[in-house]
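Model, not experiment: these values are computed from the prediction. Lettering follows sequence order; numbering is per chain, from 1.
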Protein chains: 2
Amino acid sequence: MAGIPLDRTDLRMLDVLQREGRITNAELAARVNLSPSPCLRRLQRLEAAGVIAGYAAQVDPQAVGLGLQAFVRVQLTQHDSATIETFVQRVNAWDEVVDCYALTGDMDYLLHVVVADLDHFSRFLLDKLLNASGVADVNSSFVLRTVKHAGALPLAQLAGA
Amino acid sequence: MAGIPLDRTDLRMLDVLQREGRITNAELAARVNLSPSPCLRRLQRLEAAGVIAGYAAQVDPQAVGLGLQAFVRVQLTQHDSATIETFVQRVNAWDEVVDCYALTGDMDYLLHVVVADLDHFSRFLLDKLLNASGVADVNSSFVLRTVKHAGALPLAQLAGA
DNA sequence: TGCGTCGCGCAAGATTATTGCGCACATCCG
DNA sequence: CGGATGTGCGCAATAATCTTGCGCGACGCA
């Protein structure tokens, strides 16, 4: 996992693509002061190296009827590999869980949950989460407002080769 | 904010684009059993309506030297609009904060922070967050492992017109 | 100075985007 | 029941873009 070296141009490309992922290669080239050919070759290199893991359309949750989001902190009863493995597998199978992180602190996991409404959340909580073995404690907080959703890493602060 | 009606084809398009945002219109059309023309027209409609808010390249944080992530829960001293307004503005100005949500529960805000290392985080915490007025309490948890990062809404479970 | 490497720009063919147009089907009203 | 209307599809043609091979110049090094 050494990671490939990234120069200033690479970082500028990434910075642009984080915000406008469907921009044409021609315009991306113009933004970073390059002709289309080397720009495309750099892009393919970044994709092949996994620096760019993929591209995603950002869908408005409200528009598709998913109007409620919550963050659920979960504590497991035990921390042996079997318990963890089982929990992780279930989390990956649950569609409502968009993100899941293992954290330091008194709670083991943080789940970002997206659902249609309170009823939907209730079913998720009762039928899935609390039904899962190994779950000792659960603490739910609902999203009142999305204050910031950059969807972009702070590349500006990086020096780059 | 009624939102435009979405049929089964629209949802399938969104489902594909959430995972492969840079797919060509021709291939997207093939995936949803449509010819390129109506597929593009649907896409433009979805973009214009804001159902698709944008497109983003998913950059690997490790690859760009941002190897440490944290979730910081913040409680404000007061909840008057002036205190909130000030805090929100600062959050939006801080590059390290990728996401920020106002939550129910005993902590008012959840910040998703991406930094290079502990030193970087320390500077963020001491120089920025704890220096901000109106901040009563702060609780940081570091990301040990990203268990799941779908980056996609669960559209499969939606019926759609 | 001479050699090798690296990355750029140019150019041409293949692919894709984009628009106008006509047609089929469903709905609604007379 | 018949005709009008609207909606959305596919086709076709042009414009734009992608994609690859190639030659050139800059740089590092012995």
Check your understanding: Got a sec? Which of residues 45-57 of chain A come in under 4.0 Å of DNA chain D, heavy atoms?
Key ->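 Within this stretch, nothing sits under 4.0 Å of the strand.
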Protein-nucleotide distance ([X], atom [atom1]; [N], atom [atom2]), rounded to Å:
X       : N      : atom1 : atom2 : result
A:Leu43 : D:dC18 : CG    : P     : 10 Å
B:Arg31 : C:dT16 : CZ    : C1'   : 16 Å
A:Asn25 : C:dG9  : CG    : C1'   : 14 Å
A:Leu40 : C:dG9  : CG    : C1'   : 14 Å
A:Gln44 : C:dG7  : CD    : P     : 14 Å
B:Glu27 : C:dA17 : CD    : P     : 10 Å

Point to revise | Salt-bridge criterion met for A:Arg45 and A:Asp10 (N-O under 4.0 Å) | key: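 Looking at A:Arg45 and A:Asp10, the cut-off is met.
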Review point. Could B:Asp7 and B:Arg42 be called an ion pair, given the rule that one side-chain N must be under 4.0 Å from one carboxylate O?
Key: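 Judged by the 4.0 Å cut-off on N to carboxylate O distance, B:Asp7 and B:Arg42 do form a salt bridge.
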Exercise for review: Could you check A:Val114, A:Val59, A:Val115 and say which one makes a side chain to side chain contact (heavy atoms under 4.5 Å, CB included) with A:Leu66?
Suggested key: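 Going through the options one by one, the only one that passes is A:Val114.
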Review point. Could you go step by step and tell me if B:Glu96 and B:His120 meet the side chain to side chain contact (heavy atoms under 4.5 Å, CB included) rule?
Key: CA-CA 9 Å; B:Glu96 294 93 339; B:His120 186 182; 3.3 Å; yes
**Study point:** Summary of protein contacts for nucleotides 8-14 of chain D, nucleotide by nucleotide, where a base hit scores B, a sugar-phosphate-only hit scores S (4.0 Å, heavy atoms)
**Key:** -SBBB--
Review point. So, the side chain of B:Thr83 versus the backbone of B:Gly134: is there a donor-acceptor pair under 3.5 Å, distance only?
Key: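 No, because the side chain of B:Thr83 does not come within donor-acceptor range (under 3.5 Å) of the backbone of B:Gly134.
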Practice item. Report the residues that fulfil ring pair (Phe, Tyr, Trp, His ring centres under 6.0 Å) with B:Tyr101, sequence neighbours left out, ordered by chain and then residue number. Key: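 Ring pair (Phe, Tyr, Trp, His ring centres under 6.0 Å) check on B:Tyr101 returns A:Phe71, A:His112.
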Exercise for review: Classify the ring geometry between A:Tyr109 and A:Phe87 as parallel (under 30°), tilted (30 to 60°) or perpendicular (over 60°).
Suggested key: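 Ring orientation of A:Tyr109 relative to A:Phe87: tilted.
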Review point. Do you see a donor-acceptor pair shorter than 3.5 Å between the side chains of B:Gln18 and A:Tyr55?
Key: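 Distance-only check fails for B:Gln18 and A:Tyr55.
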